[in-house]
Structures are given as C-alpha cells and as structure tokens.
Amino acid sequence: MKLKRLTAAPALALVLAACGATPPQAPPKQAMKLSVATGGISTTCGLTYQATAFPGNRRAALETLEAKVSLSVNKLASVYARNPAWIYQSETVHDIVRDALAMLDSCGLTKAQRALAHATYARSQKP
C-alpha cells in the first residue's frame, strides 16, 4: 500500500506539470497590453471599413482613426521590444505583429502600419 502512494505522488506531479502553459508565455502585464493592442487594432480597422464604405470626403475620419490606432500600435511595439518570442494565445508576439501589419495594410491604416513596421522590424535588424 505504501509503495502505491509513493509512486502515485510523483506520477500526479508529473501529470500536473505537463498541463501548464507553453513557455515562454508573455507575463500577465504584457499579455494585457497585447489584448488591448490587438483589440484596438481590430476595432479601429472595423471602423475604418465603415468610414470608407461609402463615397465622400473621409480624410478627417481617417486621420482620427490613424491617431486612435497609434495607441494600440505603440502598446504592441512595446511588448515586441521586450521579447518577440513570447507566446500569447498560441502565437508568438512576432507573429501577432506580422498579422497586425497585414490587417493595418488591408484596412488602409498605412501610417500606423509603417509606424509598427519601423518600431518592430527595424529594431530586429539592428546588430
């Protein structure tokens, strides 16, 4: 009976250890920044699609949306600067930035896209 207990405890510990998150997870504070940043980029892209759906002068609306999304871009770039290999929702921060760049390009927020590209990829090219 004692032998069963002695072998059961390490087996249980091994099973529980295997259930954890895949390292290297983004720390909670950075994970929150990623959540806010990706949500902000997605929402602002949606608003941009709405603003450009109909003909007319959209310049003021687009400038406002570019300014709004820049806050999200800065949050995302700050997490990337800390560690592009961190994992958040099964993707690396590097992959999240790549997806954000594609999204910003497709919805026409080109100033924000250039700013994110400069803040992330230009930084990764430095020796």
Side-chain angles (χ1 to χ4, degrees):
M1 184 74 160
K2 254 187 177 178
L3 183 58
K4 281 186 179 181
R5 271 193 241 159
L6 289 175
T7 57
L12 179 62
L14 181 63
V15 168
L16 291 176
C19 293
T22 306
Q25 292 291 309
K29 189 172 182 177
Q30 280 66 39
M32 181 57 76
K33 278 186 174 184
L34 289 168
S35 175
V36 170
T38 55
I41 291 169
S42 176
T43 299
T44 307
C45 273
L47 293 171
T48 303
Y49 284 126
Q50 289 178 358
T52 58
F54 301 102
N57 188 355
R58 310 177 285 270
R59 184 175 170 177
L62 291 176
E63 287 175 0
T64 300
L65 292 167
E66 286 276 7
K68 180 179 178 173
V69 80
S70 69
L71 299 172
S72 298
V73 163
N74 291 340
K75 282 186 191 302
L76 181 53
S78 74
V79 176
Y80 182 92
R82 296 272 317 266
N83 190 345
W86 277 336
I87 297 171
Y88 173 72
Q89 294 188 350
S90 301
E91 284 194 61
T92 65
V93 174
H94 177 83
D95 290 343
I96 292 168
V97 166
R98 187 193 64 228
D99 293 346
L101 288 167
M103 181 179 283
L104 290 166
D105 182 51
S106 71
C107 70
L109 295 171
T110 55
K111 287 180 188 175
Q113 187 226 16
R114 285 192 304 268
L116 181 58
H118 179 72
T120 55
Y121 291 112
R123 183 176 308 209
S124 68
Q125 299 301 316
K126 291 181 181 177

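- For the pair Tyr80 and Lys75, the minimum side-chain heavy-atom distance is 4.5 Å or more.
- Hydrophobic cluster membership differs between Leu104 and Leu71, with clusters built from Ile, Leu, Val, Met, Phe, Trp and Tyr side chains linked at under 4.5 angstrom.
- The side chain to side chain donor-acceptor pair (under 3.5 Å) check on Thr43 picks up nothing, with sequence neighbours excluded.
- Met103 and Ile96 fall within the same hydrophobic cluster, defined by Ile, Leu, Val, Met, Phe, Trp and Tyr side-chain heavy atoms under 4.5 Å apart, directly or through other members.
- Nearest heavy atom pair, residue Thr120 against residue Val97, reads OG1-CG1, 3.6 Å.
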What pairs of donor and acceptor atoms, side-chain ones from residues 32-40 against any protein atom, are under 3.5 angstrom apart with sequence neighbours left out?
unit_1 : atom_1 : unit_2 : atom_2 : d
Thr38  : OG1    : Leu34  : O      : 2.8
Thr38  : OG1    : Ser35  : O      : 3.3

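- Side-chain contact between Val69 and Ile41: present, with at least one pair of heavy atoms (C-beta onward) separated by less than 4.5 Å.
- Here Glu63 pairs with Arg59 under the side chain to side chain donor-acceptor pair (under 3.5 Å) rule; sequence neighbours left out.
- Applying the side chain to side chain donor-acceptor pair (under 3.5 Å) definition to pairs two or more places apart or across chains, those involving residues 98-115 are Tyr49-Ser106, Asp95-Arg98.
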Legend entry - CA sep, side-chain torsions, deciding dist, call: Lys68, Leu47, side chain to side chain contact (heavy atoms under 4.5 Å, CB included): CA-CA 11 Å; Lys68 180 179 178 173; Leu47 293 171; 3.8 Å; yes
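- Gln30 places a side-chain heavy atom less than 4.5 Å from the side chain of Trp86.
- The disulfide bond (SG atoms under 2.5 Å apart) contacts involving residues 71-103 comprise nothing, where partners must be two or more places apart or lie in separate chains.
- Atoms CG and CG, on Leu101 and Leu116 in that order, are 4.5 Å from each other to the nearest 0.5 Å.
- Pairs engaging residues 38-118 under the disulfide bond (SG atoms under 2.5 Å apart) rule: Cys45-Cys107 [sequence neighbours left out].
- Taken from CD in Glu66 to OG1 in Thr48, the straight-line distance is 7.5 Å, to the nearest 0.5 Å.
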